[in-house]
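Naming: A, B, ... by sequence-line order, numbering from 1 per chain.
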Amino acid sequence: MSLFTDSSLCLVPSGVKDGKLYSVKPTDGSGDLTFSRGSDIEATRVAANGYIEKAKVNLVLQSNQFDTSWLSSGTTETGGQAGYDGTNDAWLLQRSDGLARFVYQFNAHTGVGTFSVYIKKGNVDWVLLSNGAGENRYFDLTNGVLGATGTAIDSKIESVGGGWFRCSIAVANSSEVRIYPAVGNGTVSGLVGANIYIQDAQLNYGLVAQEYQETTTTSVITGITNDMPRLDYSGGASCPSLLLEPSRQNLLTNDTYYGGSDWSKIGVSPSANNATSPEGVTNAVLLSETAINDQHSLYPTVSVTSGNAYTASCFVKQGTGSAAPQYIGFRFRGGGFADAGGLVVDLVNKVATYEAGSLTGYKIEDYGNGWLRVSITQSATVTSSSAGLVLFFNNNISGSYSTDYLGNVNADMLVYGAQIEQASYSSSLIPTYGTSATRTQDLSVTASPSTSQFGQTEGTIFTEIEINAITSGSYSRVLNLKNSGGSNQIYIQQNDSKIAGAVFNGSNQFVASTSSGFLSVGSVYKIALAYKNSDYALYINGTQISTGLASGLGTLSVDRLDFTTGAGSIGLGNEVKQSLVFNTRLTNADLATLTA
Amino acid sequence: MKLRKYAFTPSQWATAKAKIELTNEEGEAYYDPSKVVAVVELGNLVVTPAVYDEEGNETTPATYSDKYSVDILWKDEPLTTSFSTYEVWCAPMGVHAMGGQKVREEWVEVCKSKKPELFPEPSVEP
C-alpha cells in the first residue's frame, strides 16, 4: 500500500511564498498553511548553496531617479543617458560651478551599511563617495583603482564594461550618502561644470554591496521577507527542512563589524571584508595580533541578569598568516559570570581541546570551507553590565585566558557572525547593524480551517523532524491538530529530552511519552500518533512506544494544524522535514513501516 | 505591525502586561497573539557604563535607569490605555530593534514627527 496515497494531508517543505507554505496534498489549497514571522533583516537561513542567506535590501529611495528623493548641493541631474546595462537610464551629474558639489540623500538607518553606485567618467576622471561625516573614498574612473580615503571601513571598484564601474563604500554611519564629481585623487573642486555619469544607487545593510534592486518611493526588501517560510539546508542537506524557531534577541550591536567602540580590542587589529565568510561573500573579518606584550583578545560588552542562561556563538576559521594559530580561545567575559567558562578550539581538527569554568554546554558545528560555529552556554551568576564573549589567541593549550605575550602580526584568525542570546542554546544567526535585534518566532497554521480536512473519530498524524535543542522546562508542539479554542487537541510534543503524544477532547484520552534522555540534538525522528476510540498508539522510528485503550473519545472538532504550542509560542526550535495526516487510524504495522 | 518602546515602573508594567496576556490550559501566561507579535523586556538599561582599570577590575559600577524598558511589536495598532503614557522615543532606534525593515521605518517616521529635535538635518555645505 502507499501511505502517501492514503494520507489526507501531506506537507513537505518545498513550495513556499511570502506568507504561505503549500501542501503537496491536497493540491486545491485547502491544506496550505499560512506563515508569519514578523522579521526579515533579522532572519537568516542556510540556502541550497550551503551559504547563510540574509534579506536583500535597498534603503535608498528613487534609486535611479536622481532628481526626486535626492537632494542637490549645486548640481544638475539629466536623465536619458546611455547606461552600463544597455539602457538609456543613466544620469549626467554636473555641478554648476567649480566648488565641491554633490547629490545626496538622508536615511533612517544610521548603522553599518554599504553605499554603491554605477559610475562612468564624464569630463572629470574621479568621483568621491561619502557619508558626509568623514567616511569617504575617491575612485579613479579611468584606471578602475581606489584613491584616497577617509575613515570608510572598506571600498571597492569593479569594472562592469563600457567604461562603467560599480563603486562602493562600507561605512559605520549610513545616515547620509553623497556623490561628488571630482577632478583628481583627493581633490573635488576646481573645474567649473565637472560631470560624471551615474546609475542605480543602493544602500544596503552590512559591509558588502548586494545585488542591485530598484526602488521608487519606498525601500525594497527581497529574499527572506517578513512572512517567508525558511527552508533550511544546514549540514549539507539535499532536501530542506522548515526552520521553526522561537523569538530570540542578539544582544550584540554589530555581529560582524568589530571596528567600532562596541567591540574592545586588546592587542588585536580587525580587518573587515578580508575573506569569504559562511555567507559566501567577502565579509569575514581577519583578526590579527598586534606586536605588543599583552593579552590578545576581542570582546563586546552586554548586560546580563543573574540566573538567566546565555549562549554566545561565533563563526571562526584559521587565519592565513604564517603564524596563524591552530588553537584559539572562546569564553565568557568575567562580568556576570563568577566562574566564566570557555573552550580552547582546535580549528584544524574541529574539536574543543580544553574546557574550563562553569559552562553548561557547548557546541562546535562545521559550516564547510574551514568555518566552524562555536557556541558556549552558561548561567549568569551576577547581574552585570560588563558581560560578554571573548575571542582570543592562544597558541598553547593551557586554558589560560589572560596570558600576556609579545604579539605576532602574522598570527591571525577569521571571524564572522557573533551572537549572544539569553537562551540555553544558539539559534540561527541574527544579523545586527548598530543596534541589538530580535528575530520574532515563526508561526504556521492551516490557512482555511475546516473540520472536513481531518479525522474526527479516528486518524493518524505523522511528522519527521530534526531536533535543534533540548532544554528543561520549555516544550514545543512539533505537530498539533486542534480546534480554535484548543479544547480538542491531538499533538506530538518534545520537551525535557523526550517525545510525548496526546489526544485531548476536553480531558486526556491518551498520553504517552518516551523516557527522559530519549532525544539528542541533531538527530532525526519519525513520529506517528494514531487515535481511535479505545485504540491509540505512539510509534517512533519504527518502535512502538505506547498504546492506549481509553474509551470516550466521541467526535472531535479539530479543524487546523500548526507547529506551535497551545499557548501560541514556540519554546524550542525544530526543523520539520515532512508531515502527514490520515483520516484513518493506521494499523500498528503501518505505523511501524511509516516511522522506520 | 508597529514597534513601540516603553519605560515603566514595575507596577505600571504589571498593569500593562496584564492587558496583553492570556493563560493557557496549563495555567501558564503568554502574550495574546491577537494583540502582540513579540514583547522584549530590555529591563533596566545602563545609564552610565561601569569603569575598569587596566587590569579589567571594575573601579566604578554602572548606573541603571530606574525604569523598566520594554519593546513591543504590536500586531496592529498599539493599545493606548496603560501604554501610551509610557511611550519613549529615541533616535534612531534606541538600543534594540525588531519587526523588519518596514516596521523600523514606520517607527523612525513617527519618532521624527513626535521628536523632530532628535533628527537634526546635517549640514550639507561643501
Just give me the residue among B/G99, B/C111, B/A38 that pairs up with chain A most often, heavy atom to heavy atom, under 4.5 Å. B/G99
Contact part of A/T218 toward chain B, heavy-atom cut-off under 4.5 Å: side chain, backbone, both or neither? both
Is a side-chain donor or acceptor of A/N131 paired with a backbone partner of A/N173 at a separation under 3.5 angstrom? yes
Measure from the side-chain N and O atoms of A/T383 to the backbone N and O of A/S306, and report whether any donor-acceptor pair falls under 3.5 Å. yes
Checking A/F102 against A/Y180 for the ring-ring contact (aromatic ring centres under 6.0 Å, His included) test, could you report, in this order, the C-alpha distance in whole Å, the side-chain angles of both residues, the deciding distance, and whether it holds? CA-CA 4 Å; A/F102 52 94; A/Y180 295 76; 4.6 Å; yes
Below 4.5 Å, heavy-atom pairs only: which of A/I41, A/T438, A/D40 has the largest tally toward chain B? A/T438
Would you call A/R178-A/E176 a salt bridge at under 4.0 Å N-O? yes
Is there a donor-acceptor pair under 3.5 Å between the side chain of A/D227 and the backbone N or O of A/R37? yes
Name the region of A/S385, side chain, backbone, both or neither, that has any atom closer than 4.5 Å to a heavy atom of chain B. both
I'd like to verify something: which residue of A/V57, A/T440, A/T435 has the highest number of heavy-atom pairs under 4.5 Å with chain B? A/T435
B/R4 and B/E106 ion-paired at < 4.0 Å: yes
May I ask you to name which of B/M98, B/E109, B/M93 has the most heavy-atom pairs under 4.5 Å with chain A? B/M98
Contact class of A/I266 relative to chain B, heavy atoms under 4.5 angstrom: neither
Check each atom of B/F119 against the heavy atoms of chain A and say whether the ones under 4.5 Å are side chain, backbone, both or neither. neither
Check whether any side-chain N or O of A/T253 sits under 3.5 Å from a backbone N or O of A/G434 as a donor-acceptor pair, and report yes or no. no
Relative to chain B, which segment of A/R439 carries a heavy atom at a distance below 4.5 Å: side chain, backbone, both, or neither? neither
Can you say whether B/L22 sits under 4.5 Å from chain A via the side chain, the backbone, both, or neither, judging by heavy atoms? neither
Against chain A, label B/Q101 side chain, backbone, both or neither, depending on which of its atoms sit under 4.5 Å from a heavy atom there. both
Within the side chain of A/D404, is there an N or O that forms a donor-acceptor pair under 3.5 Å with the backbone of A/N293? no
